Amino acid sequence: MSLQFTFIEHAAETCTAACLVVGLFADGTLSPAAQRVDAAANGAIARLVASGDLSGKLGSTHTLFGLAGVHAARVLVVGLGEAAKFDAARYAKACGDAVRALRALPVDNAALYLSELEVLGKDSAWKLRAAILAADAQAYQYAATFKPRDKAKTPELATLALAAPKALDDSALTQAAAIARGVRFARELGNLPPNICTPAYLGEQARKLAAEHPGVHCEVLEEADLRRLGMGALLGVAQGSANAPRLIALEWKGGSADDKPYALVGKGVTFDSGGISIKPSAGMEEMKFDMCGAAGVLGAFLAAVELKLPLNLVCVVPAVENMPGSNAQRPSDVVTTMSGLTVEVLNTDAEGRLILCDALTYVQKYQPQVIIDVATLTGACVVALGKHASGLMTQDDTLADELLAAGNATLDRAWRLPLWEDYHSQLETGYADLANLGGKYAGAITAGCFLSRFTEGFRWAHLDIAGSAWDEGRKGSATGRPVPLLVQYLLDRAGN
Ligand code: BES
Ligand code: MN
Ligand code: ZN
């Protein structure tokens with residue numbers, strides 16, 4: 001169930017929410033709401049701090065029940081860590097920790113007072129948005145493929161009220177709710193198993209999105225259409241699978257008719273077995289997440305449409321499954337891309353660039369002013385940046401700065417890698433215009449260089465989200481990144 005967000009209307013001590021959320025710094029300093037609650041409760045919180053029963057350690061949470069003098073039945077005290085180190089990231093973490101703790105309590109509503117805390121360099125609107133995004137990320141729960149459960153006997157958290165200054169209008173709340181919706185959409189698609197989330201399924205989801213949102217135009221191309229368009233690289237990847245490919249194109253015209261659109265392109269490999277260059281079994285299940293680029297651009301598109309952003313936007317998703325079927329392409333096959341350039345497939349596991357190159361050529365028919373592609377493209381990017389940052393590659397310094405700023409503002413950060421001419425020779429081969437493999441070194445960059453050959457003459461950036469798109473492990477979940485970065489970028493362009 002998704003969380004509803006409202007504004008808090010009362011001072012902490014008279015608020016009647018089922019649970020109040022207040023903060024405590026490591027040195028024992030109480031947040032403003034905690035101070036008021038403490039005063040109303042005759043110093044009960046301060047005594048617990050003094051006795052060592054309450055800690056302000058970052059990430060700690062303690063629930064106090066039935067404090068005399070306080071209207072709410074429960075007070076959740078969240079540790080904020082060292083006051084001097086309390087920054088945007090720690091603030092968002094504290095909000096997320098609070099909601100994780102709330103979900104374990106028998107409450108269906110709570111009032112989060114953490115948004116009244118000072119966060120260096122951030123205004124009230126930012127604090128509200130960050131709290132909502134952190135809260136909703138913790139509230140999301142994947143349920144699609146479990147046996148339907150009996151309705152929970154204990155209440156589930158459904159409403160979260162947030163502290164905000166009276167003067168603040170609704171727009172921060174509206175924006176954050178739309179971004180949260182886009183993030184959830186992306187996470188759910190990412191988490192679905194690949195026997196459900198096939199290329200056809202992605203196509204249906206795009207159609208459904210269009211049907212539910214007036215003004216959205218949707219086209220889903222099928223194999224015969226792709227053949228007619230000459231997408232030899234995309235089709236080469238698809239031919240090893242029984243699940244036929246799709247190419248999804250969504251359009252939103254929130255701007256003037258003659259405004260060139262922003263274009264988002266997302267890698268939609270619904271399962272990446274590696275093909276004939278097959279991957280090792282261990283960890284192969286994580287390759288169901290290889291469509292998280294597609295999920296990310298669809299989620300960002302959804303948020304942009306729900307916000308009715310006054311700009312034109314197109315979203316293109318090449319959707320395929322990479323399998324080693326009897327008709328699968330072979331290492332050394334040469335394919336002809338839609339652009340006319342030929343590619344020698346030296347490794348069938350470097351399939352992302354093969355579907356993206358044709359999608360990047362296709363999207364040019366919309367005459368976009370900017371193209372941003374998003375892809376779980378290389379393990380090398382994870383080696384370089386870990387799970388914390390997405391890899392950003394572009395030759396356009398302005399576009400780089402805008403995207404990096406959007407990532408910093410939303411804590412959905414990216415880090416730039418170079419696309420210098422020096423790396424391009426790694427893609428040379430004796431049998432085609434380029435190879436799909438760049439050799440041992442700089443794998444994230446040579447993949448970016450490959451894509452750059454298909455975007456010449458356009459302002460273009462590539463986001464490698466191989467590390468940031470999901471959390472590892474049995475219970476690892478899609479993160480919904482880079483939806484916040486992309487929507488912030490679009491909000492900034494729309495002049496918000
Ligand atoms: N989808 C993978 C990239 C990937 C690997 C993402 C691990 C997240 C975790 C991609 O299609 C792939 O297989 N890339 C190869 C490229 C190589 C063959 C040049 C890789 O990174 O090993
Ligand atoms: Mn692969
Ligand atoms: Zn892949």
Side-chain angles (χ1 to χ4, degrees), residues 190 194 197 199 202 233-234 236-241 243 245 265-296 317-324 328-333 343-359 373-391 393 417 423 426-429 434-451 462-473 476-479 481-482:
C197 186
L202 285 178
L234 187 158
V237 176
Q239 76 189 29
S241 170
N243 287 312
V265 177
K267 171 180 173 181
V269 175
T270 58
F271 187 74
D272 181 11
S273 70
I276 294 299
S277 312
I278 199 159
K279 289 181 180 293
S281 326
M284 200 199 273
E285 69 282 0
E286 297 209 340
M287 286 298 116
K288 73 167 184 178
F289 292 118
D290 212 19
M291 35 55 69
C292 282
V317 167
V320 306
E321 187 179 48
N322 188 22
M323 295 289 273
Q329 66 180 344
R330 297 142 290 254
S332 77
D333 275 6
V343 177
E344 186 183 18
V345 181
L346 288 178
N347 187 316
T348 65
D349 197 12
E351 85 297 341
R353 63 198 76 182
L354 294 173
I355 66 167
L356 284 170
C357 70
D358 280 339
D373 80 72
V374 183
T376 49
L377 205 60
T378 66
C381 189
V382 196
V383 172
L385 298 174
K387 310 281 291 175
H388 302 291
S390 304
M393 284 152 263
L417 299 171
Y423 295 97
Q426 287 178 239
L427 295 169
E428 286 171 9
T429 163
L434 64 170
N436 78 331
L437 200 62
K440 258 202 316 212
Y441 303 127
I445 294 171
T446 52
C449 287
F450 181 97
L451 298 178
H462 160 59
L463 281 167
D464 192 331
I465 58 163
S468 58
W470 73 89
D471 301 322
E472 268 174 331
S477 166
T479 58
R481 294 177 66 183

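Everything quoted here is computed from the prediction, not taken from an experiment. All ligand and atom numbering here is 1-based and tracks the order in the structure. Numbers here simply count residues along the sequence, with the first being 1. Because only heavy atoms are used, hydrogens play no part in the values below, and waters and symmetry mates are left out as well, while side chains stay in.
- The number of protein N/O/S atoms found under 2.8 Å from the Mn ion (ligand 2) is 4.
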From CA spacing to verdict: salt bridge (charged side-chain N to carboxylate O under 4.0 Å, His left out), Lys288, Glu321: CA-CA 10 Å; Lys288 73 167 184 178; Glu321 187 179 48; over 6 Å; no

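- Using a cutoff of 4.0 Å between basic side-chain nitrogens and carboxylate oxygens, Lys267 and Asp373 are not scored as salt-bridged.
- The closest side-chain heavy-atom distance from Val265 to Val374 is not below 4.5 Å.
- Summary of contacts: the protein heavy atom closest to atom 8 (C) of ligand 1 is Trp470 CH2, 3.4 Å.
- In this structure, Glu428 and Leu434 have side chains that are not in contact, with every pair of non-hydrogen atoms separated by 4.5 Å or more.
- Nearest to atom 16 (C) of ligand 1 among the protein's heavy atoms is Arg353 NH2, 4.0 Å.
- The heavy atom nearest to atom 13 (O) of ligand 1, out of those in Ile465, Asp349, Val382, Val237, is found in Asp349.
- Assignment of Met287 to the shell around ligand 1 is supported, since a heavy atom sits closer than 4.0 Å.
- Both cation-pi conditions hold for Lys387 and Trp470: the charged atom is under 6.0 angstrom from the six-membered ring centre and inside a 45 degree cone around its axis.
- The closest approach of Asp290 to the Zn ion (ligand 3), by N/O/S atoms, is made by OD2.
- Nearest N/O/S atom of Asp272 relative to the Zn ion (ligand 3): this is OD2.
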Full working for side-chain hydrogen bond (donor to acceptor under 3.5 Å, both in side chains) between Thr429 and Glu344: CA-CA 8 Å; Thr429 163; Glu344 186 183 18; 2.5 Å; yes

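- In terms of protein heavy-atom proximity, atom 6 (C) of ligand 1 is nearest to Ala466 CB, 3.5 Å.
- Rounding to 10 degrees gives 90° for the angle at the Zn ion (ligand 3) between OE2 of Glu351 and NZ of Lys267.
- Residue, atom and distance of the protein heavy atom nearest to atom 22 (O) of ligand 1 are Gly379 N, 4.5 Å.
- In summary, no N, O or S atom of Val269 is located under 2.8 Å from the Zn ion (ligand 3).
- Near Asn347, the atoms of ligand 1 lying under 4.0 angstrom from a non-hydrogen atom of the residue are 18 (C).
- Residue, atom and distance of the protein heavy atom nearest to atom 2 (C) of ligand 1 are Asp272 OD2, 3.5 Å.
- Every residue meeting the salt bridge (Lys or Arg N to Asp or Glu O under 4.0 Å) condition with Arg481, not counting sequence neighbours, appears here in chain and number order: Asp412.
- When side chains are defined from C-beta on, Phe450 does not count as touching Ile445, because their heavy atoms never get closer than 4.5 Å.
- Side-chain contact between Leu451 and Leu377 is present, with heavy atoms from C-beta onward closer than 4.5 Å.
- Distance check: Asp349 CG to Ser273 OG gives 7.5 Å after rounding to the nearest 0.5 Å.
- Of all the atoms in ligand 1, the ones that sit under 4.0 Å from a non-hydrogen atom of Lys267 are 1 (N), 10 (C), 11 (O).
- Under the 4.5 Å side-chain criterion, counting only non-hydrogen atoms from C-beta, Cys197 is in contact with Leu202.
- When each atom of ligand 1 is checked for a heavy atom of Glu351 under 4.0 Å away, the hits are 11 (O).
- Residues Glu351 and Asp290 are in side-chain contact: their nearest non-hydrogen atoms beyond the backbone lie under 4.5 Å apart.
- Distances below 4.0 Å separate heavy atoms of Lys279 from the following atoms of ligand 1: 12 (C), 13 (O).
- In this structure the side chain of Gln329 never reaches within 4.5 angstrom of the side chain of Ile276, judged on heavy atoms.
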Evaluation steps, side-chain hydrogen bond (donor to acceptor under 3.5 Å, both in side chains), between Thr378 and Asp464: CA-CA 7 Å; Thr378 66; Asp464 192 331; 2.8 Å; yes

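- Contacts between Leu377 and ligand 1 below 4.0 angstrom, taking non-hydrogen atoms only, involve the backbone exclusively.
- Among all protein heavy atoms, the one lying closest to atom 1 (N) of ligand 1 is Asp290 OD1, 2.8 Å.
- At a threshold of 4.5 Å between non-hydrogen side-chain atoms, the residues Val320 and Thr270 do not count as touching.
- From the protein, the heavy atom lying nearest to atom 19 (C) of ligand 1 is Leu437 CD1, 3.2 Å.
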